[in-house]
Amino acid sequence: MATSVKNNFLNHALASNLQQALIRRKDSVQEQHHSKAKEPTKASSKPVVLVTNGEGIDSPGLIFLVEALLRDALLDVHVCAPQSDRSLCGHSVTTGETIAVCSTQVGGANAFEVSGTPADCVSLALSGALFSCSKPVLVGSGAVISGVNKGATCGYDTLYSGAVSGAREAMICGVPSLCISLNWEKNVSCENDLKDAVTVCLPLIHAAIRDIQKGIFPKNCFLNIGIPSCPLTNKGVKVTRQSPNRASLNWQAVSTNRNPSAGHYMSNQQSLGVMLAKLGRDASAAAAARRLNSNRKNVEIESIGVAGKFSSQQSIKKYFRMELTEKRQENQEDDLDSRALEEGFVTVTPLSVYENGDMEIQSSVSSWLAIGVSGDGVH
């Protein structure tokens, strides 16, 4: 808006001088504003936390965790998580295909949803391609937190868990990390239990961040934290070992009239972008298969074991579906993760990719937990 001075009440010389003074002042204010705009934004002095998970960016456990971390205003929180549920994808990564990334907000934090796996999310976020908080920023002062996962990740199930893979990928990249899971009980647990799980694990998170900055956080491992099904009535924190338990993998034969279309599963597990990227390759492979099998006849069978032998002109086509069944082992040792969790303890299990040095890691975490978490209010 231009500034004007009426000359009705002032002589011409005085009005002219005042006009020039106002113009100079306006130009000075504009220059100051322009110079401030050029100044680089100062980096946040708060510790940086990258949050991911295995159940997808819209899962309640992740949202409750992010909201709680932001509520204290002590951390600079960023989120990079799968756009859909990838709970059982293990430590798979996407190579040779394009993944889609979309910016969004989660609980007030800047976030990106990714069409890939949790390991993809962590690797991409730490690369610096999405956030200013790349790997060097997090190595000495921040951490990656994966969770809160709806379902215990104990024993060998950690090898299948997408949530655990997010924390493991961070450790492989040299960034301290935690994976947090609630021992969810079907038809018993509810979303409020996830909120309570966040409340219980916050002191552990803040203790970890504090000691990462001090350089005394355990090295060469990440922490797999299990929250019991009734979080607020937990019996305390216990450092545990990974048990030899795993869920049973039960394969069921599915006939064609009960077999959903492949597209249904694809839509649940992969984004449209990934599907389109694979379309040309799949079409070529299908054409080659048709040419190769032009003289063969597909025979659907219920059991190969009773089908006998087939001629070279026949190929077998069959559908299977896997169901996970929880498997519990009796007479477990007290310090195993699955038993301690069932007994109501908050379990802290150090995990690593190394085959040796387990006892050294165990001792390191026990010492840290005894000193670092005492008095932080974990009950």
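Worth knowing before you read on, the calculation uses all heavy atoms, side chains too, and leaves out hydrogens, waters and symmetry mates.
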Review point. For W368, which residues count as a ring-ring contact (aromatic ring centres under 6.0 Å, His included) partner, sequence neighbours excluded?
Key: F217
Check your understanding: Can any side-chain N or O of T240 pair as donor or acceptor with the backbone N or O of D335 at less than 3.5 Å?
Key -> no
Point to revise | Results of ring-ring contact (aromatic ring centres under 6.0 Å, His included) for F64 - residues two or more places apart only | key: none
Point to revise | side chain to side chain donor-acceptor pair (under 3.5 Å) against S161, all qualifying residues, sequence neighbours excluded | key: none
**Study point:** Partner residues of N149 under the side chain to side chain donor-acceptor pair (under 3.5 Å) criterion, sequence neighbours left out
**Key:** none
Practice item. Kindly determine whether T117 and S92 satisfy side chain to side chain donor-acceptor pair (under 3.5 Å), including the steps that lead there. Key: CA-CA 7 Å; T117 67; S92 60; 4.5 Å; no
**Study point:** Contacts of type side chain to side chain donor-acceptor pair (under 3.5 Å), residue S364, not counting sequence neighbours
**Key:** none
Review point. Going by atom types only, do T199 and D196 share a side-chain donor-acceptor pair under 3.5 Å?
Key: no
Check your understanding: Under the 3.5 angstrom rule, does the side chain of D193 hit a backbone N or O of C190 as a donor-acceptor pair?
Key -> yes
Practice item. Output every pair passing ring-ring contact (aromatic ring centres under 6.0 Å, His included) with a member in residues 141-177, not counting sequence neighbours, ordered by first then second residue. Key: none
Review point. Distance only, no hydrogens: is a donor on one side chain within 3.5 Å (strictly under) of an acceptor on the other, for D337 and S243?
Key: yes
**Study point:** Option from I145, V346, T153, V200 for which side chain to side chain contact (heavy atoms under 4.5 Å, CB included) with I225 holds
**Key:** V346
Practice item. Grab the two heavy atoms, one from T94 and one from G116, that are nearest each other, plus how far apart they are. Key: OG1-CA, 4.2 Å
Review point. Going by the ring-ring contact (aromatic ring centres under 6.0 Å, His included) test, which pairs reach into residues 84-113, not counting sequence neighbours?
Key: F112-F131
Practice item. Only pairs at least two apart or in different chains count here, so list each side-chain hydrogen bond (donor to acceptor under 3.5 Å, both in side chains) that has a residue in residues 55-67. Key: N53-S59
Point to revise | Step-by-step side chain to side chain contact (heavy atoms under 4.5 Å, CB included) determination, L341 to S338 | key: CA-CA 5 Å; L341 193 60; S338 53; 5.8 Å; no
Review point. For atom NZ of K195, is the number of surrounding heavy atoms from other residues, nucleotides or ligands below 6.0 Å larger than 12?
Key: no
Study note, to complete from the structure: Here the pair of heavy atoms bringing L182 nearest to P228 is CD1-O, 3.2 Å
**Study point:** Distance-minimising heavy-atom pair for S146 and A163
**Key:** OG-O, 2.7 Å
Practice item. Any chance you could lay out the side chain to side chain contact (heavy atoms under 4.5 Å, CB included) test for L75 and H206, step after step, and finish with the verdict? Key: CA-CA 9 Å; L75 302 170; H206 288 302; 4.1 Å; yes
Practice item. Go through the structure and list residues passing side chain to side chain contact (heavy atoms under 4.5 Å, CB included) with C201, not counting sequence neighbours. Key: I180, I205, I227
Exercise for review: Answer yes or no: is there a donor N or O on one side and an acceptor on the other, between the side chain of K46 and the main chain of A73, under 3.5 Å?
Suggested key: yes
**Study point:** Basic-acidic side-chain contact under 4.0 Å: R339, E343
**Key:** yes
Review point. Taking the side chain from S181 and the backbone from A152, do they hold a donor-acceptor pair closer than 3.5 Å?
Key: no
**Study point:** L159 with L88, same ILVMFWY side-chain cluster at under 4.5 Å
**Key:** no
Revision key, fill the gap. Sorted by chain and number, sequence neighbours left out, side chain to side chain contact (heavy atoms under 4.5 Å, CB included) with A111 holds for I57, V79, T104, V106
Revision key, fill the gap. Sequence neighbours excluded, the answer for side chain to side chain contact (heavy atoms under 4.5 Å, CB included) partners of P350 is C221, L223, V239, I361, Q362, V365
Exercise for review: Verify the cluster assignment for W184 and F345: are they in a single hydrophobic cluster under the rule of side-chain heavy atoms below 4.5 Å apart?
Suggested key: no
**Study point:** N250: side chain to side chain contact (heavy atoms under 4.5 Å, CB included) partners, not counting sequence neighbours
**Key:** S248, Q252, T325
Practice item. Without swapping roles, check the side chain of S367 against the backbone of S363 for a donor-acceptor pair under 3.5 Å. Key: yes
Exercise for review: Taking atom types as modelled, find out whether S229 and S189 have a side-chain donor-acceptor pair closer than 3.5 angstrom.
Suggested key: no
Check your understanding: In terms of hydrophobic clusters joined by side-chain contacts under 4.5 Å, are L126 and V93 together?
Key -> no
